[in-house]
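Remember, predicted model here, so these are calculated numbers, not experimental data. Just so it is clear: chains get the letters A, B, ... in the order the sequence lines come, proteins before strands, and each one is counted from 1. Atoms considered below: every heavy atom in the structure, side chains included; atoms not considered: hydrogens, waters and symmetry mates.
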Amino acid sequence: MLTNIISIALGAILINNFIFSQFLGICPFLGCSSKVDTATGMGIAVVFVMGLASAICWVVDNYLLVPLGLEFLETLAFILVIASLVQFVEMFLKKSVPSLYAALGIYLPLITTNCAVLGVVLLNVQNTYNFLESVVYGITGGLGFMLAIVLFASVRERIRFAEYPECFEGFPICLVSAGLLALAFMGFSGMQIF
Amino acid sequence: MNFKRQLKEGVITNNPILVQQLGMCATMAITTTLFNGVGMGLSVLIILTCCNVVVSAIRKIIPGEIRLAIFVVVIAGFVTIVDLLLQAFIPALSDALGVFIPLIVVNCIIIGRAEAFCQKSSVGASFVDGITQGLGYTCVLVVMCVVRELLGSGRFGGGLIDIARGFRFTLDGTGAGIQLFPEDYGASILNLPVGGFLTLGFLFGAMQFALRRSAKKKELAEKAAAEKAAQADAEKEEVVC
């Protein structure tokens, strides 16, 4: 049981990192990574929402959709759950933890269209995880995202001083350096867990 | 004529991936064989066109505050339809693309077009926009697939083309493709996730290079025209004097 949880956690953070090996959540990864502190804010918001979404969608799937035989509505139901969850979290934070709300700022509403969130929920169903495994996978997947985006933001801060061909300015050079980071993360792929 | 302009916009000057920088997750994840690329591209084209038409048709009756939620429901509905159809008729494609078919729901291209174009355009224009933007998306996917497959494993058209018994297209993903050079000579890194980042990065670079050059050319031409006009003006003034 415990080894199972640990292997899911390590797998989600390092081996099958959401960004570098599964390509989920690339848009916010490239969009919100120009500074380390905004990247950290985005990362925390994603960890929070991914954990919550995994838990709620697991309950919705197992106690609502499966008993009623409505599995084909999973995508529709999950995206609605995520959208309303994000809205709810936003209102809740605004009211009760204004400091965190101010820190997360505009990143919260953006998370609705982050494919890592919908991706983790769909993968939970695909891998038939139980409740605990789903939540662990959600949170650690978010942590993997945060690790990736913070690392990448610090790389990007250095890119500004680098010399590269003019036509690579902006997006292309970011993609190439993200590719090199992915290459580094590939080193984990041979890792055997237990 | 409008169609021609929109086609040029969708494929080149306002390409959803290379210029608008939308929907990159799937672009890098699934472009390992031509079969996947064409399948994904056409799925997005169909979903985008349907969503564009519906969003444009209901644009006057939906309240502005909750429009995004409505867009998402419309998109999720069409994605579910396409997902089920693929599972039923092309299961190989459905297996190969896996979680990325349902993830079209959160593909920014579709919601981006709904928000930026269909909200203020007629049904006909939105329909054309769906097709042209979808074509632009498909083109990029196909280029990515061809580059990654060719350099990565020396093959062309994996899954889609079979030449074992004459040239034919295989729609069930079983075709072996055309082997142009032995697989061992390929840079297999391009088949790995890293290859997705690098290929797209270089494609972006090439696009920026081309766009900049054409902009510069235009600028030079404009400058030359302006100079000519100024000269003509000066001559005229001399005559007047």
How about B/F181: does its CZ atom have over 12 heavy atoms from other parts shown lying under 6.0 Å from it?
yes
Taking atom CZ as the centre, does B/F89 end up with more than 12 heavy-atom neighbours from other residues, nucleotides or ligands that are less than 6.0 angstrom away?
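Incorrect, the count does not exceed 12.
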For a side-chain contact (heavy atoms from CB on, under 4.5 Å) with A/V176, tell me which candidate from B/F202, B/F204, B/F197 qualifies.
B/F202
Does any heavy atom of chain B fall under 4.5 Å from the side chain of [X], the backbone, both, or neither of them?
{"X": "A/L80", "value": "side chain"}
{"X": "A/A178", "value": "both"}
{"X": "A/Q87", "value": "neither"}
{"X": "A/E74", "value": "neither"}
{"X": "A/L181", "value": "neither"}

Straight-line distance of [X] [atom1] to [Y] [atom2], nearest 0.5 Å:
{"X": "B/Q21", "Y": "A/I26", "atom1": "CD", "atom2": "CD1", "result": "13.5 Å"}
{"X": "A/F72", "Y": "B/T80", "atom1": "CZ", "atom2": "OG1", "result": "9.0 Å"}
{"X": "A/M186", "Y": "B/I189", "atom1": "CE", "atom2": "CD1", "result": "5.5 Å"}
{"X": "A/C167", "Y": "B/R212", "atom1": "SG", "atom2": "CZ", "result": "7.5 Å"}

Heavy-atom pair with the smallest gap, counting every atom of [X] and [Y]:
{"X": "A/P172", "Y": "B/Q208", "result": "CD-NE2, 3.6 Å"}
{"X": "A/L76", "Y": "B/V73", "result": "CD1-O, 3.8 Å"}
{"X": "A/L122", "Y": "B/P102", "result": "CD1-CB, 3.6 Å"}
{"X": "A/C27", "Y": "B/C25", "result": "N-SG, 4.2 Å"}
{"X": "A/G119", "Y": "B/V99", "result": "O-CG2, 4.5 Å"}

Any chance you could lay out the side-chain contact (heavy atoms from CB on, under 4.5 Å) test for B/L103 and A/T75, step after step, and finish with the verdict?
CA-CA 8 Å; B/L103 280 182; A/T75 317; over 6 Å; no
Derivation and outcome, ring-ring contact (aromatic ring centres under 6.0 Å, His included), residues B/F100 and A/F23:
CA-CA 10 Å; B/F100 283 97; A/F23 292 114; 7.8 Å; no
Residue part contacting chain A, namely of B/L200, when any heavy atom lies under 4.5 Å
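Both the backbone and the side chain of B/L200 come within 4.5 Å of chain A.
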So what's closer than 4.5 Å to chain A heavy atoms on B/L192: side chain, backbone, both or neither?
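Contact with chain A involves the side chain of B/L192 alone.
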Would a 4.5 Å heavy-atom cut-off, applied to side chains only, mark A/F171 and B/M24 as touching?
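Side-chain contact under 4.5 Å: yes.
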Quick one: of B/L198, B/I75, B/T199, who has the most non-hydrogen atom pairs under 4.5 Å with chain A?
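Ranked by contacts with chain A, first place is B/L198.
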